[in-house]
Amino acid sequence: MIFFVNEYLLAMNSGIEHTQLKRLRLFKEKKQPAKIVTRDFDPLLEHNIQRLGFESEDVINLYNYFRNFKRPENGPKFIKYMDKKIVDLQLPDTYEIKYDSQFWKVFNHGNLIACIYFIDNQLYYIVYFDSFGKVVKKIDYDLEGYKVREQNYDALGNINVEFYFYKNGDKMLEENYFYNDRNENYAIQCQLFGYKNKSYLFNSIDNFMSFFLDQLNEDYEGKNIFIADRPVVTDKAIALMQTKAKKILAIPTQHALDPTDQRFSNLNNIYYYGLHQYVNKFSAILTDTENQKQDLQEWFGNKITVPIYSISAAISFRKKANVNFNNKISIKNIVYSGHLESDKQLDNMLEAFANLYKLQPVTLTIYGYGSQKKNLENKAVELGLSKSITFKGYTLNKDEIYKDKDLFWYTSISDAQPLSILEALERGIPVIAYDSLYGPNEMIQNGVNGYLVKLNNQDELVSVTNSLFNDEKKLLSLKNNCFSTIEKFSSNSIWSKWQKLINDLLKEDDSNANN
């Protein structure tokens, strides 16, 4: 079994999660057993899994793994389905309830003591208040109606202890929290109760996670491979595993601090555990691009003893092109899809678009979510282009993103490999991108399926785009070329690289066994 280990799987996900989902789809198609493993508790995980097009058994969560160890013998011990009867919540009849479609407010002699929240008419969570209106407790329920977690808050409104429960109602886990000198609240002690008739004490969530991964490793007897997909959260936990397994450290971002110098600048702090403290605990290191593999080897002075493999995170499952060329439409449409964060330099993109707009009628549609969304919306207003720049938010419907679009713009200063560039190319949308590390120059062929322009050169970005929009014959040629240029990203091509990596690791085991 191959486990892709991550922190979470949410309703809105980053490139790391989308990489895992593409990889899982590939492995399922090729009949290679694989699962996503998540650390964080999420009562909506089951809902998210289904929404993303996968099955419950495709994902294993740390908390759900242990919770299922003790199930009730005769159905749920707590609330299974909410039909909005006060008896279901076991509240005193003297309490006053004010009803709303999504939540209830519970009062005792005029004082608000609780808010009860629902999803699809089922109980989701309950928040309790003290006489001063401060939150003192929160209780979460899963979609089956079982009580999952109880959070208790201190006088300042910070979590100081959490309790988790087996599905039969027994206490499963206690996590005690502590604030460090950076005002970060984190679990410093985890105690697991009654698991296989024993109790266990862990001094960090990393140690608890390692214990969990060891249990998985023993459950799935055989030659298991664990891939640390999210830096900081998973690399240390996998490195600290006690049972024998193959371990791969994935590098989903740039490994060094300077986005323009990945050979000699200082190590990115998020890789302290993976590439510094525990690097020799791993069987292999995995980059998304060949260029990053070479730079990482040089960063180590070509002396690293752990083999580095390069396998694209971007995978195309399409079998044929689908070009949509709007040569009869006078307004040209540009699109961007991805995280709305500062490293993507979307403020730079908006400034370039404003200059392009002076030359001819164009539109820019931006899909995605992130901390910069409000700032970017304000900037569009400041530029006087709020009617020509549209923010669409996050969507899983990739065909919607690229429908009726003529070009894809990419202005990021850094990335391990932008998945959205391949998504555009496989739908016949040429890409104009800054030549940044990494990804664009391994996907874009100048004058064939798009253009690479010098990093942060807005004038060149505008000039190339304007010239292309004035040459519809050339634009159509690029569109027609897009699909034929992505063969190396096809599912079969990517799978052959995964086969080599897996076989290399398993051969190493066989070789050691024979010595």
- Query: With a cut-off of 6.0 Å (strictly less than), are more than 12 heavy atoms of other residues, nucleotides or ligands near OH of Tyr153?
  - Reply: yes
Donor-acceptor pair, distance only, cut-off 3.5 Å: does the side chain of Asn449 make one with the backbone of Asn481? no
Kindly say whether Val462 contributes a backbone atom to a donor-acceptor pair with the side chain of Asn466 at under 3.5 angstrom?
-> no
> Any idea how Phe353 and Tyr357 line up, ring-wise: parallel (<30°), tilted (30 to 60°), or perpendicular (>60°)?
Replying inline: tilted
Worksheet item: Got a donor-acceptor contact below 3.5 angstrom from the Glu17 side chain to the Ser14 backbone?
Response: yes
With side-chain hydrogen bond (donor to acceptor under 3.5 Å, both in side chains) as the criterion, how do Ser371 and Glu341 come out once you've worked through the C-alpha distance, each side chain's angles and the decisive distance to 0.1 Å? CA-CA 6 Å; Ser371 63; Glu341 299 296 342; 2.5 Å; yes
| query | Just by distance, with hydrogens left out, do Asn268 and Gln254 show a side-chain donor and acceptor under 3.5 Å apart? | reply | no
Quiz item: Judged by atom type as modelled, is there a donor-acceptor pair below 3.5 Å linking the side chain of Glu7 to the main-chain atoms of Pro231?
Solution: no
(request) Run the ring-centre check on Tyr271 versus His276 and record whether the distance is less than 6.0 Å. (result) no
For the backbone of Gln262 and the side chain of Ser265, can you confirm whether one donor and one acceptor N or O come within less than 3.5 Å of each other? no
Query - Close side-chain approach of Leu376 and Ile366, heavy atoms under 4.5 Å - result: no
**OP:** Look only at the side chain of Lys405 and the backbone of Ile401, and say whether a donor-acceptor pair between them is shorter than 3.5 Å.
**Re:** yes
Practice prompt. Please confirm whether Phe202 and Phe211 have ring centers closer than 6.0 angstrom.
Written response: yes
Original post:
Can you find a heavy atom in the side chain of Asn217 that is under 4.5 Å from one in the side chain of Leu213?
Top reply: no
Quiz question: by atom type and distance under 3.5 Å, do the side chains of Asn203 and Gln189 form a donor-acceptor pair? no
Practice item. Indicate yes or no for a side-chain donor-acceptor contact from Thr411 to the backbone of Asn348 under 3.5 Å, with no hydrogens or angles considered. Key: no
ask   = Between Leu422 and Met443, does a side-chain contact (heavy atoms from CB on, under 4.5 Å) hold up when you go through it step by step?
value = CA-CA 7 Å; Leu422 180 62; Met443 293 180 174; 4.1 Å; yes
Using the rule given for salt bridge (Lys or Arg N to Asp or Glu O under 4.0 Å), can you reason through Arg427 versus Glu423, listing the C-alpha separation, both sets of side-chain angles and the distance that settles it, and then say yes or no? CA-CA 7 Å; Arg427 291 169 174 81; Glu423 292 170 356; 5.6 Å; no
Residues Tyr402 and Phe408: closest non-hydrogen pair is CE2-CD1, 3.8 Å
### Query
Looking at side-chain heavy atoms only, is the closest gap between Tyr434 and Asn456 below 4.5 Å?
yes
Contact between Asp415 and Tyr438 at the side-chain level, heavy atoms closer than 4.5 Å - yes or no? no
Which of Arg39, Arg23, Lys22 passes salt bridge (charged side-chain N to carboxylate O under 4.0 Å, His left out) with Asp229? It is Arg23
Q.
With salt bridge (Lys or Arg N to Asp or Glu O under 4.0 Å) as the criterion, how do Asp504 and Lys500 come out once you've worked through the C-alpha distance, each side chain's angles and the decisive distance to 0.1 Å?
A. CA-CA 6 Å; Asp504 285 352; Lys500 182 181 186 314; 2.8 Å; yes
So CE of Met1 and CD of Gln32: to nearest 0.5 Å the spacing works out to 8.5 Å
Note: Tyr367 and Leu340 closest approach over all heavy atoms is O-CD2, 4.3 Å
Could you tell me if the side chain of Ile315 sits less than 4.5 Å from the side chain of Phe317, heavy atoms only?
yes
All heavy atoms of Ser310 vs all of Lys293, minimum pair found to be CB-CD, 4.0 Å
Value for CG (Leu45) from OG1 (Thr38), rounded to nearest 0.5 Å, stands at 5.0 Å
With side-chain hydrogen bond (donor to acceptor under 3.5 Å, both in side chains) as the criterion, how do Asn207 and Ser204 come out once you've worked through the C-alpha distance, each side chain's angles and the decisive distance to 0.1 Å?
CA-CA 5 Å; Asn207 292 111; Ser204 71; 2.7 Å; yes
Would you check if Val5 and Val233 make a side-chain contact, meaning some heavy-atom pair closer than 4.5 Å?
no
Sorted by chain and residue number, the salt bridge (charged side-chain N to carboxylate O under 4.0 Å, His left out) partners of Lys379 (sequence neighbours excluded) come out as Glu351
| said: Check this for me, if you would: do Asp295 and Arg263 make a salt bridge, where the nitrogen-to-carboxylate-oxygen distance has to be below 4.0 angstrom? | reply: yes
Between Glu298 and Asn302, the two heavy atoms sitting closest are N-OD1, 3.8 Å
- Check the surroundings of atom CD in Glu57: do more than 12 heavy atoms from other residues, nucleotides or ligands lie under 6.0 Å from it? yes
Do the side-chain N and O atoms of Gln417 and Ser312 include a donor-acceptor pair separated by under 3.5 angstrom?
-> yes
* Asked: Which is it for Val37 and Leu216 under the side-chain contact (heavy atoms from CB on, under 4.5 Å) test, yes or no, and what are the steps along the way?
  -> CA-CA 10 Å; Val37 176; Leu216 280 183; 3.9 Å; yes
When you look at Asp471 and Lys332, which way does the salt bridge (Lys or Arg N to Asp or Glu O under 4.0 Å) test go after all the steps?
-> CA-CA 12 Å; Asp471 187 348; Lys332 302 301 182 183; over 6 Å; no
With sequence neighbours left out, the residues meeting salt bridge (charged side-chain N to carboxylate O under 4.0 Å, His left out) with Asp206 are Lys236
* To do: Could you walk me through whether Glu46 and Ser56 pass side-chain hydrogen bond (donor to acceptor under 3.5 Å, both in side chains), step by step?
  => CA-CA 6 Å; Glu46 177 69 24; Ser56 300; 2.3 Å; yes
Looking only at side-chain N and O atoms, does Asn291 offer a donor or acceptor that is under 3.5 Å from a partner on Asn441?
yes
Between Pro440 and Ala433, the two heavy atoms sitting closest are CB-CB, 4.2 Å
The ring-ring contact (aromatic ring centres under 6.0 Å, His included) partner of Phe212 among Phe226, Tyr63, Tyr65 is Tyr65
Scanning both residues in full, the closest heavy-atom pair of Pro430 with Leu475 reads CG-CD1, 4.2 Å
Indicate yes or no: does Lys35 engage Glu55 in a salt bridge with an N to O separation below 4.0 Å.
no
Give a yes-or-no answer on whether the side chains of Trp495 and Ser490 include a donor-acceptor pair shorter than 3.5 Å.
-> no
Value for CD (Glu290) from CD1 (Ile308), rounded to nearest 0.5 Å, stands at 10.0 Å
Next on the checklist: Treating Asn61 as the side-chain partner and Asp40 as the backbone partner, does any N or O pair qualify as donor plus acceptor under 3.5 Å?
Outcome noted: yes
Original post:
If only atom types and distance count, is the side chain of Gln242 paired as donor or acceptor with the main-chain N or O of Leu240 below 3.5 Å?
Top reply: yes
Only distances under 3.5 Å count here; give the side-chain donor-acceptor pairs of residues 382-396 to other protein atoms, sequence neighbours excluded, each with its distance to 0.1 Å.
unit_1: Tyr394; atom_1: OH; unit_2: Asn13; atom_2: N; d: 3.3
unit_1: Tyr394; atom_1: OH; unit_2: His18; atom_2: NE2; d: 2.9
unit_1: Thr395; atom_1: OG1; unit_2: Asn397; atom_2: N; d: 3.1

Sidechain-backbone polar pair: Asp214 side chain, Met241 backbone, donor-acceptor under 3.5 Å:
no
inquiry  = Are more than 12 heavy atoms, taken from residues, nucleotides or ligands other than Lys30, located less than 6.0 Å from that residue's NZ atom?
reply    = yes
_Does any part of the side chain of Phe41, heavy atoms only, come nearer than 4.5 Å to the side chain of Glu162, both counted from C-beta?_
no
- Query: Any salt bridge between Asp235 and Arg230, counting N to O under 4.0 Å?
  - Reply: no
